[in-house]
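Only one structure is covered here, and it is reproduced in the block below.
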2 protein chains.
Amino acid sequence: MSGRVTSAEVAARAGVSRSAVSRVFSGASASKATERKVRKAAADLGYRPNVLARSLITGRSRIIGLVVSYLDNQFYPDALERLSEALQAEGYHILVFTAPEAEEPDALVEQMLDYQVDGIIAASVTIGGDLAARCQAAGIPVVLFNRGQDASGLSQVTSANRTGGAEVARFLRAGGHGRIAQITGWLGASTGRDRAEGFRAAAGPLVAEADGMFDRDRAAELAAAMWRDARPDAIFVGNDHMAFGAIDALRSEGAAVGREVSVVGYDDVAAAAWGAYDLTTLRQPARRMAEATVETLLALVEDPDRGAARIEIEGPLVVRGSARVPEGWA
Amino acid sequence: MSGRVTSAEVAARAGVSRSAVSRVFSGASASKATERKVRKAAADLGYRPNVLARSLITGRSRIIGLVVSYLDNQFYPDALERLSEALQAEGYHILVFTAPEAEEPDALVEQMLDYQVDGIIAASVTIGGDLAARCQAAGIPVVLFNRGQDASGLSQVTSANRTGGAEVARFLRAGGHGRIAQITGWLGASTGRDRAEGFRAAAGPLVAEADGMFDRDRAAELAAAMWRDARPDAIFVGNDHMAFGAIDALRSEGAAVGREVSVVGYDDVAAAAWGAYDLTTLRQPARRMAEATVETLLALVEDPDRGAARIEIEGPLVVRGSARVPEGWA
DNA sequence: GTAGTCTTTGCACACGTTTGCAAGAAAGGT
DNA sequence: ACCTTTCTTGCAAACGTGTGCAAAGACTAC
């Protein structure tokens, strides 16, 4: 009575074999006549194939594991949504594994393998080299989202962080800023490092620099301290999430953000456009990054021997009110 | 060579039958001796049971389907994270189904059933009555998160929205506000409706009221219009996400938020504590709501015949700077 | 030492699907 | 009419695991 209806029941009602109904639903060839009979019977009974049972034999689960933490940074929920949409469009779905802050994500990857995921997307997370090798061995492709890991041989999709950092530097210099400072993203991550290096290379000497570790509170403290000690007239902050904290801190120190001190972020999350912050920032195109990630990953699912891809996606500088804009800036 | 190692290989290496290794890993009884042999062999080979194959025979997939949209409201990523943590602690994981704005979530539920999910959590989404019945018939429990649906007979976990709305009203009246307005959450949803009704009942006559539909831009427009037309000295906004928009709009109309006009939100998302908004708001305890949701859902998984539960969780009013605070308010 | 009880173990079947294989049916060419 | 080719279809064997059943083994108690 209860429980799901099975392919055998459909077969019985349609007067054909289980193979026939299987072929109809898996897209293999079948005569018009049987196809009609099968579909009719299936509709009557409300039959839908059991994805899990199917996966057992095909070796494809149509499940993609996503490991993610740091969800309070709006960029990641946004990315999650885009990834999910792109995957759903291809008939895949996301199994979420949240990484408790400090813990190694390696244990999570083990769990993913238990679920026979077809692929893994690791967002803002580093994966141990042995684990990477293990996935490789198991034939399960991994794509790093918004983080690089050179030695790993894993595919990765990021924005053009070096270029972006440099672009911000050019913007600030063109604006006539002479006392430039930087609160970087976590330098232990490629994303933070690349932005910082690109910025440094094009900005010239800095009056202050510190590692904000992608942490909002830390960035706020650093910004306040910098303001008191070094009196920068511009601060590049490694992502928007920290930049909001920096702006709050600067304001409570009495600094006029956008006039006395320019603040530029990175990501262009939704809140950057909100009136209270009006943050000039370098956009990471979340949708295009998500699409590239999915495309790369699914290609790897098809052919695991295809080489690792490293994709960088460029984004524009979005000019708003938190930083002085140079005369005649395009 | 590649591919996963199977229980048969472990059995062979340990010199026992497949049943033995199955029993060891599924927690059934086994002698100390065989358990040791099996674990040794499994460790050597790197064996881990295939969850999908297991689910085929046990009828339990240890997958929970989550349908969610509206992820730009920070409350939901936060909830997602809490739900995921609570479920992971119990050995379950979340399969994500994002609901494209307008589309009926019913199609998504169908897809969930294909994955043999053990249960469904629907966040901020309404489920068609027939679908609910279908899940019931399939023995798959559904819990609504942060939304109620009286007729459906589904379990639901919300905050105490009526009480909360009333609490906000008391707070504003105690603060001596005489021209109170309201921008409600979407009145088509229980969450929006309950808050609005609780507020109305305790606030007395309002100088203005409109449905903000949980949409930030719409709330901003409404707030600006209200300010111009009705000159309220207090506005209760149906959730924080809209409240931020309202504050931005009020400020750009020249209103001094917190002095000329008080704004109170609902949710207490992270950004409410940020300096730029400093929003007084009624907290929805996301973690406790998530835990209650998981507890309810898993109980239902154990025993599907248990009756539907309706849980309301109270949250405190968090007093910050966006609204005038009454003399001697506790 | 023997009967009885409790624990451990392997066999074989089940879960719901896909798919190689071979046989049957239909179609097409002479 | 007959042979060949192409489609269609059912049978049966997988995929990797859990579990009822009965046999075997380990104890206990007399």
Side-chain angles (χ1 to χ4, degrees), chain A residues 2-39 41-42 45-63 91 111 113-118 138-140, chain B residues 2-39 41-42 45-63 91 111 113-118 138-140:
Chain A
S2 92
R4 312 249 323 150
V5 21
T6 154
S7 93
E9 306 176 37
V10 174
R13 177 177 248 259
V16 297
S17 75
R18 288 203 328 271
S19 325
V21 14
S22 167
R23 282 188 252 263
V24 167
F25 279 93
S26 56
S29 70
S31 73
K32 287 291 171 197
T34 51
E35 164 141 20
R36 210 181 41 241
K37 282 190 296 185
V38 167
R39 293 228 181 267
L45 273 52
Y47 168 78
R48 312 201 88 209
N50 180 332
V51 175
L52 268 38
R54 170 181 294 175
S55 83
L56 194 52
I57 181 74
T58 60
R60 293 274 145 94
S61 62
R62 305 203 81 85
I63 297 178
Q111 295 181 41
L113 297 183
D114 296 351
Y115 279 95
Q116 312 297 111
V117 295
D118 287 342
I140 295 179
Chain B
S2 92
R4 312 254 318 154
V5 22
T6 153
S7 93
E9 306 177 38
V10 174
R13 178 176 245 260
V16 297
S17 75
R18 287 202 335 268
S19 323
V21 13
S22 166
R23 280 188 254 263
V24 167
F25 280 93
S26 55
S29 71
S31 74
K32 286 292 172 197
T34 51
E35 165 142 20
R36 213 181 38 243
K37 283 190 296 186
V38 167
R39 292 230 182 265
L45 273 52
Y47 168 78
R48 313 201 87 212
N50 180 331
V51 176
L52 267 41
R54 172 180 291 177
S55 83
L56 193 53
I57 181 75
T58 60
R60 293 274 146 93
S61 63
R62 306 203 79 86
I63 297 177
Q111 295 180 41
L113 297 182
D114 295 351
Y115 279 95
Q116 311 296 114
V117 296
D118 287 343
I140 296 179

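Quick note on labels: first sequence line is chain A, next is B, and so on, each numbered from 1.
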Specify the angle, to 10°, made by the local axes at the two ends of the helix from C:dG1-D:dC30 to C:dT30-D:dA1 when five pairs are taken at each end. 30°

For every nucleotide of nucleotides 18-25 of chain D, 5' to 3': is a protein heavy atom under 4.0 Å from its base (B), only from its sugar-phosphate (S), or from neither (-)? BBB-----

Between B:Thr6 and A:Ala33, the residue closer to the 5' end of DNA chain D by nearest nucleotide is A:Ala33

Quick one: list whatever passes side chain to side chain donor-acceptor pair (under 3.5 Å) with B:Arg60, sequence neighbours left out. none

Inter-residue atom distance B:Ile57.CD1 - B:Ser22.OG, 0.5 Å rounding: 9.5 Å

Nucleotides 5-8 of chain D: which of its N/O atoms have a protein N/O under 3.5 Å away?
none

Those residues that, when tested against B:Leu45, pass side chain to side chain contact (heavy atoms under 4.5 Å, CB included) (two or more places apart): B:Val5, B:Glu9, B:Val10, B:Arg13

When rounded to the nearest 0.5 angstrom, what is the spacing between CG in A:Leu113 and CD1 in A:Ile140? 4.5 Å

For A:Arg54, all residues meeting side chain to side chain donor-acceptor pair (under 3.5 Å), sequence neighbours excluded: none

B:Val51: what forms a side chain to side chain contact (heavy atoms under 4.5 Å, CB included) with it, not counting sequence neighbours? A:Asp114, A:Tyr115

Within this structure, what is the OG-CG distance for the pair B:Ser55 and A:Asn50, rounded to the nearest 0.5 Å? 7.0 Å

Checking A:Ser61 now: which residues fulfil side chain to side chain donor-acceptor pair (under 3.5 Å) with it, not counting sequence neighbours? A:Asp118

Check every nucleotide of DNA chain C for an atom under 4.0 Å from a heavy-atom of chain A, then give the first and the last such nucleotide from 5' to 3'. C:dG16 to C:dG20

Specify the separation, in whole Å, of atom CG of B:Leu56 and atom C1' of D:dG16. 9 Å

Just jot down the side chain to side chain donor-acceptor pair (under 3.5 Å) partners of A:Ser31, sequence neighbours excluded, or say none. A:Thr34

Toward the 5' end of DNA chain C, by each residue's nearest nucleotide, B:Val16 or A:Arg48: B:Val16

Using the salt bridge (charged side-chain N to carboxylate O under 4.0 Å, His left out) rule, collect all pairs that involve residues 18-38 of chain A, keeping only residues at least two apart or in two chains. A:Glu35-A:Arg39

Scanning both residues in full, the closest heavy-atom pair of B:Arg48 with B:Arg4 reads O-NH2, 3.0 Å

Would you classify A:Val51 as touching base, sugar-phosphate or nothing, given that sugar-phosphate means primed atoms plus P, OP1 and OP2, and contacts are heavy atoms under 4.0 Å? nothing

Atom CD1 in A:Ile63, atom CG in B:Leu52: separation rounded to 0.5 Å? 5.5 Å

